[in-house]
Trainee: 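Sending over a structure as structure tokens; questions will come in a sec.
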Amino acid sequence: MNPSKTGFEKKRETVAPGIVKTIDSVSNPTIKSIRGLVSQRKHRKESGLFVAEGLKLATDALDANWTVQTLIYGHEVREQEAVSQTAAKTRARGGTVLEVSRQVLSSITRRDNPQMVVGVYKQKTLSVDEIKPAEYAIWIGLDTVRDPGNLGTIIRTADAVGAAGVVLIGETTDPFAVEAVRATMGSVFHVPIAKCSREQFKKWIVNWPGQVAGTHLNGAVDYRTVKYDGPCFLLMGNEQAGLPDDMADTCKTLVRIPQAGQADSLNLAIATGVMLFEICRERLKL
Ligand code: SAM
């Protein structure tokens, strides 16, 4: 959708790119629009933008060639060299820089003790047809993941093992929600995210050239005994329902992580981490 069509975006246009503007009012239309990116998935979807907190994330984003649409920092940190360098890079690439009060930052981040730097970034996602499975690539498929903390943690763990990317399948939580972005600790800028419906996934995965391993509580195979050859696709189930039969049927192997004790399953992000480190053990000597 054309971002300029939304009411929020019409108001944003009053601040021209490339300039530094000072804003101290929480009811300023630009600030209201940025708050909308934090609180409303609909506004994130229509605008194609999202908010990430922290100077480190802004430098990560710039280093990884993401577009910083707006950089916002508090008056208190104006003199810090890292802040002025980041602001200069943002402006040089056509972004807007806003210097604001602590109250404005609190209103955006919904925190009494806010981060002093916040960025507004352009979302990036792929379609599954754009994925080119390289020989040693690991891709992670998440079926209808619901919890933003789980999703962010999985993106961070995927980054830690050098995975090629994450595919969000079906109706999932928003990877660009502030809670998910927070949990990625910056990895949202390093790990490609693809999106597809279950129907698209089922058609696409049949041509995957390597292992397709699904995790299932009733998996027939111990996850430590499988060969994760070639490009590896790891498919994880939903937090409540696990993998439904039609999705499990897309896998070449269904694996189980043996458990002791009374817990009926592992948390989704933990199970993904266990699997990823097993898959990479040989190929990366981790
Ligand atoms: N009640 C759900 C079920 O019956 O599958 C539990 C889902 S579990 C919280 C979320 C996902 O984590 C599962 O779909 C699976 O992908 C993975 N998982 C958790 N524990 C696992 C285990 N012991 N073995 C294999 N996969 C597991």
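Reckoned from all heavy atoms, side chains included, excluding hydrogens, waters and symmetry mates. Atoms within a ligand are numbered from 1 in the order they appear, just like the ligands themselves.
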Trainee: Which residue pairs satisfy the salt bridge (Lys or Arg N to Asp or Glu O under 4.0 Å) criterion with at least one member in residues 73-85, sequence neighbours excluded?
Mentor: E76-R102, R78-E99
Trainee: Return the protein residues near ligand 1 (heavy atom under 4.0 Å from any of its atoms), ordered by chain and residue number.
Mentor: T215, H216, L217, M236, G237, N238, E239, Q240, G242, L243, V255, R256, I257, Q259, S265, L266, L268, A271
Trainee: Could you tell me which non-hydrogen atom of T225 sits nearest to which non-hydrogen atom of V221, and how far apart they are?
Mentor: OG1-CG1, 3.1 Å
Trainee: Taking all atoms of both residues into account, what is the closest heavy-atom pair of I34 and L98, and its distance?
Mentor: CD1-CD1, 4.2 Å
Trainee: We want to know whether Q211 and T253 form a side-chain donor-acceptor pair, criterion being a heavy-atom distance below 3.5 angstrom.
Mentor: yes
Trainee: Of all the heavy-atom pairs spanning Y73 and V97, show the shortest one and how long it is.
Mentor: CE2-CG1, 3.4 Å
Trainee: Pair Y121, W66 - check ring pair (Phe, Tyr, Trp, His ring centres under 6.0 Å), show working.
Mentor: CA-CA 7 Å; Y121 306 90; W66 280 62; 7.3 Å; no
